[in-house]
Amino acid sequence: MTTTSSEHGSEHPDWTRTGFSTRAIHAGQDPDATTGAVVPPIHQVSTYKQDGVGGLRGGYEYSRSANPTRTALEEALAAAEAGGLDVPASGFAFASGLAAEDTLLRAVLRPGDHVIVPDDAYGGTYRLIARVFGPWGVAHTPVDLTDLVAVRAAVRRGDSGATRVLWVETPTNPLLGVSDLAALADVARDAGALLVVDNTFATPYLQQPLALGADVVVHSTTKYIGGHSDVVGGALVVADAARLPGGLESPAGGTDVTGAVRFHQNASGAVAGPFDAWLTLRGLKTLAVRMDRHQANAAAVAEFLVGHPAAGEVIYPGLASHPGHEVAARQMRGFGGMVSFRAGSEAKALDVCARTQVFTLAESLGGVESLIEHPGRMTHGSVAGTSLEVPDDLVRLSVGIEDVQDLVADLEQALA
Ligand SMILES: Cc1ncc(COP(=O)(O)O)c(C=O)c1O
């Protein structure tokens with residue numbers, strides 16, 4: 001194992017070559033050079049003393065451009081997504097998942113460009129692409145990403161109007177569709193488009209899209225990475241080799257996506273604040289142990305629901321009946337903590353949501369506590385009336401890390 005000197009002289013392994021939890025706990029997080037504090041301090045500061053004009057200490061000038069707590073998070077996220085791979089990558093932290101998405105799309109698209117989106121994308125992503133970027137002249141086509149023939153058919157080529165981004169979520173929110181990242185990377189490469197993967201549901205512990213050919217990974221760190229329902233945030237991890245599509249040049253000069261994202265992060269300024277970055281970093285450290293428990297509980301909940309007469313179709317990638325089970329088994333380390341099921345009618349779905357006592361009725365997911373929601377009326381209300389509308393009897397569970405017998409008993413009484 002190679003070793004690296006930290007800024008105060010002590011040696012440590014090259015964290016990017018260590019196991020997932022080791023790098024999540026240590027990468028970017030050397031003990032504080034002045035005090036030895038083992039946790040990066042919250043640098044709650046907007047500006048930095050200069051030693052003469054332009055004499056920056058450690059490159060820090062103003063906290064929109066860079067802040068040491070945010071740097072720690074950005075380095076840790078890059079190590080989480082790209083560690084162990086021969087894919088150098090850079091992390092960027094934002095105020096929310098949608099702020100990360102907005103910054104990326106502004107950096108890589110121009111009016112006239114075309115984007116392929118999953119036909120069951122997270123509603124907020126679809127709203128951003130359709131209703132914010134649409135009026136700015138960006139076209140989009142929703143496609144079933146499990147159908148590679150349909151994806152290839154949706155690709156637009158040519159000097160103008162060409163497909164520049166293939167946007168992927170796997171598993172998707174809330175229908176838990178699973179698509180083949182390596183195959184989609186081939187389609188994107190052939191089209192000269194960027195492959196962007198929203199890895200929020202899988203997390204870097206369970207799935208590393210950069211290893212399978214993705215150019216950019218997107219996260220709502222609000223979810224599993226933060227993990228405690230106490231902070232909103234977003235992230236991008238960009239492969240340093242990724243180039244802007246269609247010969248585009250970054251306003252900062254150059255054609256690398258990393259440079260363009262860095263420019264736009266500062267120019268638009270939707271950055272994570274220091275306390276939010278610190279909370280997210282704290283969550284990241286325990287991601288692996290939480291995910292192990294989330295998915296063990298989710299598997300037990302899915303099995304319980306399969307055997308229950310009041311639950312219709314049960315959707316969980318870990319079930320052999322899931323159409324994406326084999327692909328998920330190949331490209332993921334486990335099947336995650338989200339389970340969806342059909343209750344038979346909207347009234348029944350709303351009724352279950354109203355009756356649970358351990359599962360809290362709330363939007364969002366990925367926290368230690370179990371949540372239940374009705375996507376049609378809650379998280380995915382913004383896609384009602386579009387081709388992305390979700391079934392009205394769908395119930396989504398974010399299975400937490402409580403004792404599993406209490407979760408199953410709660411669903412049993414709610415479904416009775
Ligand atoms: C898969 C997915 N991507 C992106 C987002 C947006 O993230 P945020 O709510 O942090 O802006 C969400 C939010 O639910 C999500 O579920």
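All ligand and atom numbering here is 1-based and tracks the order in the structure.
Classification of Arg127 and Asp102 as a salt-bridged pair fails, no side-chain N sitting under 4.0 Å from a carboxylate O. A salt bridge is absent between Asp215 and Arg243; no separation between the charged side-chain nitrogens and carboxylate oxygens falls under 4.0 Å.
Within the structure, every pair that satisfies the side chain to side chain donor-acceptor pair (under 3.5 Å) test and touches residues 248-259, not counting sequence neighbours, is listed here: Asp240-Thr258.
A donor atom on one side chain and an acceptor atom on the other are not found under 3.5 Å apart for Tyr224 and Asn199.
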Enumerate the pairs of nitrogen or oxygen atoms, one from ligand 1 and one from the protein, separated by less than 3.5 angstrom; state names and distance to 0.1 Å.
{"unit_1": "ligand 1", "atom_1": "3 (N)", "unit_2": "Asp198", "atom_2": "OD2", "d": "2.6"}
{"unit_1": "ligand 1", "atom_1": "7 (O)", "unit_2": "Ser220", "atom_2": "OG", "d": "3.0"}
{"unit_1": "ligand 1", "atom_1": "10 (O)", "unit_2": "Gly97", "atom_2": "N", "d": "2.9"}
{"unit_1": "ligand 1", "atom_1": "10 (O)", "unit_2": "Ser220", "atom_2": "OG", "d": "2.8"}
{"unit_1": "ligand 1", "atom_1": "10 (O)", "unit_2": "Thr222", "atom_2": "OG1", "d": "2.7"}
{"unit_1": "ligand 1", "atom_1": "11 (O)", "unit_2": "Gly97", "atom_2": "N", "d": "3.1"}
{"unit_1": "ligand 1", "atom_1": "11 (O)", "unit_2": "Leu98", "atom_2": "N", "d": "2.9"}
{"unit_1": "ligand 1", "atom_1": "14 (O)", "unit_2": "Lys223", "atom_2": "NZ", "d": "2.5"}
{"unit_1": "ligand 1", "atom_1": "16 (O)", "unit_2": "Asn173", "atom_2": "ND2", "d": "2.9"}

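Heavy-atom neighbours of Glu326 CD from other residues, nucleotides or ligands within 6.0 Å: at or below the threshold of 12.
Using the six-membered ring where Trp is involved, His380 and Tyr122 have ring planes that are perpendicular, over 60° apart on the 30 and 60° scheme.
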